[in-house]
Every structure is written in C-alpha cells, then in structure tokens.
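Single-structure report; data block below.
All values below come from the heavy atoms of this structure, side chains included, with hydrogens, waters and symmetry mates left out. Residue numbers begin at 1 in each chain, while the letters A, B, ... track the order of the sequences.
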Number of protein chains: 2
Amino acid sequence: MTDYITLLKNNDLKATIQRTSILKSIDQAGHINIDEIYEDVREQHPTLSLATIYKNIILMQQNNIIIEVPMNGEKSKYELKKDDHIHLICQNCGKIQDAQLSPRTQETLIIENFTLRNAQINLYGYCQVCHTN
Amino acid sequence: MTDYITLLKNNDLKATIQRTSILKSIDQAGHINIDEIYEDVREQHPTLSLATIYKNIILMQQNNIIIEVPMNGEKSKYELKKDDHIHLICQNCGKIQDAQLSPRTQETLIIENFTLRNAQINLYGYCQVCHTN
DNA sequence: CTTCATGCAAATAATTTGCAGTAAG
DNA sequence: CTTACTGCAAATTATTTGCATGAAG
C-alpha cells in the first residue's frame, strides 16, 4: 500500500484530501482517465472539482508521481509511476494489464543513432477472458 | 509516391480534392496533427474547413488508410497506414522517425495468455542531431 | 441524375484561467 | 501566520453536428 501523503511530501506538495483521494483513485484503478477519477472521488468528496483534478494531474505529472498513458481514440489514462513495464490492452473489454518489460526485449530496442531514455510499449489484442469467449 | 486517388477509391470513398490534399499533407509530413494538416492544406485550398478535416480523419481511420499515433501531452498525430514499425521520438526537437520492428523484438513480445494483434511501440530519447549537441 | 461530401455556423465537450476564500504546515 | 490549494464561474480551445449547396461518379 503506497503512502500517498509521503509520496506528496517527498515532492514538496501539500498533502491535501483532494490529492490523496486522486492518488488513491488512480492506484486502485490501475489505469484511469480524468472523468473516471472525477466520478470516483466525488463519492467521498462531492465538492471536489474537475478543475482541481486537471490542475493536480498536471502537477503530479511534472513531479513524476503519475504517468500519462495516451490511448488510441480515447482520452489519456493515468497510472502511478512504477518501474518500466508494458501495457496489454484488450480490444474487446478494454482492460489494461501491466506486464514486465523483459531484458530480452530491452536488448532488442537498442538502436543505432538513437539514445533511448524511455520505452512506451502498448500491445493491443485480446486478454484471456475475451479470447476464450 | 502513393496514389491517393486509388487509395481512396479502393475503399469506396469519393476522391475529392480535400481528401487527396489531406493525404498528401500526412504523407509528406510523415506524422502530423490536425492543426498542422489544416495550416498545410490551406495554402493550396484556403476554403478547406477544419470540420472537413475532422470528418475525414475519422473516416480514413475507419477505413484503415491512416493510423492515429497518440502522443504524450499533446494532440494525436496521424500517419499513412504502413507495415508495422516503431517510432523514435526525440524529446528535444520532437522529430519522429520510423524504424523497423525487428523479428527479434517481435519474438520477445509473445506473451502468455494474451493474443497479440498489434504492437504500438514509441521510444522516447534523443536523435542523433540532438544527442551530439 | 443521384448520392455523397463540403463548408458554414451553431452546439457541445474538454481544458484552462483568475480570483476570493480556505486549509496545510 | 504564511503560503499554497481549492472551488467556482468565466474564458478558451477542441471537436461534433445539422443542413443547404456543390461536386463526383
């Protein structure tokens, strides 16, 4: 269980209810977009505004607490910053699973004349449940 | 040189000036967003409207003529449909280069319990020019 | 000719901003 | 206490829609 308050303070951000709620929502969902966060946090904090979510999503990205996952044909989702990993996105049910970025894959991504800093890998296909149905 | 008219007709789309202009703009740029397409095509066709671009981008995506490339923190870009490839995105100058998706990389992406249909790989880092400066 | 595409203007959705009041440290 | 954060309303930007006119086949 991540300690959201510490996470914020380590980045010199005040630990407000709004911020910990947003982080909790992202953490629990795994991958979630702005509107879904809004719906989610409103259950506990009905006055929490969309503007606050927008402002904080930007701020937390800048502080590298959360990461944007841009999606094909829909709004970006956000996830807590974790070790490098790849996304398995089910084209049927929409579920996103995280998977390891294997050392073998990493090796194959070393490319001439390009200094790699960060690999963003999204695999689209069918998850086990949708595949077998 | 791709023949835009044939490309459109093969998909039962009328080959209008607007559509061929949009395709030409995308083709020449390699990767380009809606606003940039608009600026670009207006040079030759000042009456071509943004609404037409939006409508056609959607249509051409549905017909698999063009592909959306969602970007971190900015509007999606579009490219002509090509064989699978990966993107090398320079975090300094923003340039996007295409690179081969090597057979070795492909092999390493075979993952248990997931039926892969399409791999979207964006590598962020520094291109040769920006790296050496 | 017939059908479908375009361009415009209006509608809607998404995101950002400014600022007075409020809470964190 | 002081500074930074929030919520609201307004502003801005992005995208979609309806419809009369025009062009493609």
Practice task
Give a yes-or-no answer on whether the side chains of B/R19 and B/Y4 include a donor-acceptor pair shorter than 3.5 Å.
Solution key: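 Side chains of B/R19 and B/Y4: no pair found under 3.5 Å.
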Practice task
Would you tell me whether B/S76 and B/E68 have side-chain atoms, one donor and one acceptor, within less than 3.5 Å of each other?
Solution key: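 Distance-only check passes for B/S76 and B/E68.
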Practice task
For B/R42 and for B/D12, find the nucleotide of DNA chain C with the closest heavy atom, then tell me which residue's nucleotide is more 5'.
Solution key: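 Comparing both residues, the 5'-ward one is B/D12.
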Handout entry: Sorted by number, the residues of residues 47-61 of chain A with heavy-atom contact under 4.0 Å to DNA chain D
Key =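 Heavy-atom cutoff 4.0 Å gives A/T47, A/L48, A/S49, A/A51, A/T52, A/K55, A/N56.
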Exercise for the section: Would you please confirm or rule out a distance under 4.0 Å between OP1 or OP2 of C/dA24 and any side-chain N or O of A/R19? Expected result: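 Looking at the OP1 and OP2 atoms of C/dA24, neither is under 4.0 Å from any side-chain N or O of A/R19.
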Problem - D/dG25 OP1/OP2 closer than 4.0 Å to side-chain N/O of B/K9 - result: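 Indeed, a polar side-chain atom of B/K9 lies that close.
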Exercise for the section: Quickly, which of B/V69, B/I65, B/I34 forms a side-chain contact (heavy atoms from CB on, under 4.5 Å) with B/Y78? Name it, please. Expected result: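 Only one of B/V69, B/I65, B/I34 forms a side-chain contact (heavy atoms from CB on, under 4.5 Å) with B/Y78, namely B/I34.
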Handout entry: Atom NE2 of B/H131: over 12 foreign heavy atoms under 6.0 Å
Key =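 For B/H131, atom NE2 is not crowded (no more than 12 foreign heavy atoms under 6.0 Å).
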Practice task
Assess whether atom CD of B/Q100 is packed by more than 12 heavy atoms of other residues, nucleotides or ligands within 6.0 Å.
Solution key: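 Open: at most 12 neighbouring heavy atoms sit under 6.0 Å from CD of B/Q100.
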Problem - Candidate nucleotides D/dT6, D/dA4, C/dA5, ranked by approach to the side chain of A/Q18 - the nearest - result: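 The answer is D/dT6, which lies nearest to the side chain.
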Practice task
Specify the separation, in whole Å, of atom CG of A/D35 and atom C1' of D/dA14.
Solution key: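 A/D35 atom CG is separated from D/dA14 atom C1' by 14 Å.
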Practice task
Could you give me the CA-CA distance, side-chain angles and deciding distance for B/C93 and B/V129, then say whether side-chain contact (heavy atoms from CB on, under 4.5 Å) is met?
Solution key: CA-CA 9 Å; B/C93 69; B/V129 175; over 6 Å; no
